[in-house]
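First listed ligand is number 1; within each ligand, the first listed atom is number 1. Count residues from 1 along the sequence. Remember, it's a predicted structure, so these values are computed and weren't measured experimentally.
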Amino acid sequence: METPIAVRGRGITKVFGDVVALDHVDVSITQGQIHGLVGPNGAGKTTLLGLLLGLAVADEGSLEILGAPLGRGSDAPDGVSGFVDGPGLYPTLTARQNLATVAVLSPDDVPTLSVDEALAQVGLTAAADQKVRGFSLGMRQRLGLAAALLTRPRLLVLDEPSNGLDPAGKRHVHGVLRRLAAEGATVVLSSHRMDDLEALCSEVTILASGRVVFSGPVKKLSDEDRELDYRVRASDPAATRAVAAGTPGIEILEGGDAAARPDTDVIVVRARVAAMDELVVRMVREDIAVRELAPVVSPLEAAFLALTDQLARTEPEADR
Ligand SMILES: Nc1ncnc2c1ncn2[C@@H]1O[C@H](COP(=O)(O)OP(=O)(O)OP(=O)(O)O)[C@@H](O)[C@H]1O
């Protein structure tokens, strides 16, 4: 049986005065996915998330959420929760009081999570009775997530949920989102952090200037045919350099952002995957131990930069 589609948008256009925030955007998100929205500042991510939350309506196009078409003047879609532009919280109330306020606003027929359970899920039990005024950005983000979890959403929409989270907080929040998705909920989130998106999302939509430049599985972006820059650290840097220089398809990068490293035992090379495989085989044959080999930027980030840069170069100046 085909997995149901949680979000289906066709030709979505949203204009603010002279600014086309979304320009005929098509997007399909299957149920149970964690779907990432990524794009440069002003690309239209928050605008699209706002439409999913029913905070605004599109000027053109159709949007279907959890199987129901979203029309002009529709209420916020059932089963959807989340936030854009930071969670709306009352600073003079405690975390528990904030959630209690949200809980009483939930319609009676909506299945809810208890306030204590929501606080526990985001790791805020110990801070439950502290006023939100004294909360750090990361704690506010977690409380915003707890508020969104109260109604047991089938579609959770989050604008930069990892903002301000320390590594432990991030791991905790990622765990909550993965569990939700495993239980069948759909999560759509925006982020500027490619490492977060790669860790969490099975699919991403890349937006640039309001247009979709890619939408699909993250692994499709890890194109083996794309040249990437790799850091190579080995037991014998001079010998590595000599082997790299003699390996077809390997370009040693001297200078530039990627290569300007203070640790001189690292060399940076530009190559496709097949050439890197050959380089490693040759190094091992020469008894050189490979201590580190990693792309300077991740495949997703490289694809993002290539796709958004390509669009910027093909757009006339007046369009930007
Ligand atoms: N309410 C509004 N009134 C006027 N212009 C707006 C409004 N909301 C968004 N815009 C414009 O629409 C475009 C898209 O904005 P949006 O906030 O969706 O981008 P974004 O991808 O979320 O950016 P960022 O990464 O900076 O958060 C921008 O040019 C922005 O200035």
Next on the checklist: Regarding E286 and R282, does a basic nitrogen lie under 4.0 Å from an acidic carboxylate oxygen?
Outcome noted: no
Checklist entry - Are D129 and R96 within salt-bridge range, i.e. N to O under 4.0 Å? => result yes
Next on the checklist: Could you report the tightest heavy-atom contact between L189 and C201, atom names first, then the distance?
Outcome noted: CD1-SG, 4.4 Å
Checklist entry - Applying salt bridge (charged side-chain N to carboxylate O under 4.0 Å, His left out), which residue pairs with at least one partner in residues 31-40 are found, sequence neighbours left out? => result none
Item to check | Residues, nucleotides or ligands: over 12 heavy atoms within 6.0 Å of R171 CZ | outcome: no
Next on the checklist: At less than 4.0 angstrom from any atom of ligand 1, which residues have a non-hydrogen atom? List them by chain and residue number.
Outcome noted: F16, V19, A21, P40, N41, G42, A43, G44, K45, T46, T47, H192
Checklist entry - If you look at every heavy atom in K45 and G39, which pair is closest and at what distance? => result NZ-O, 2.8 Å
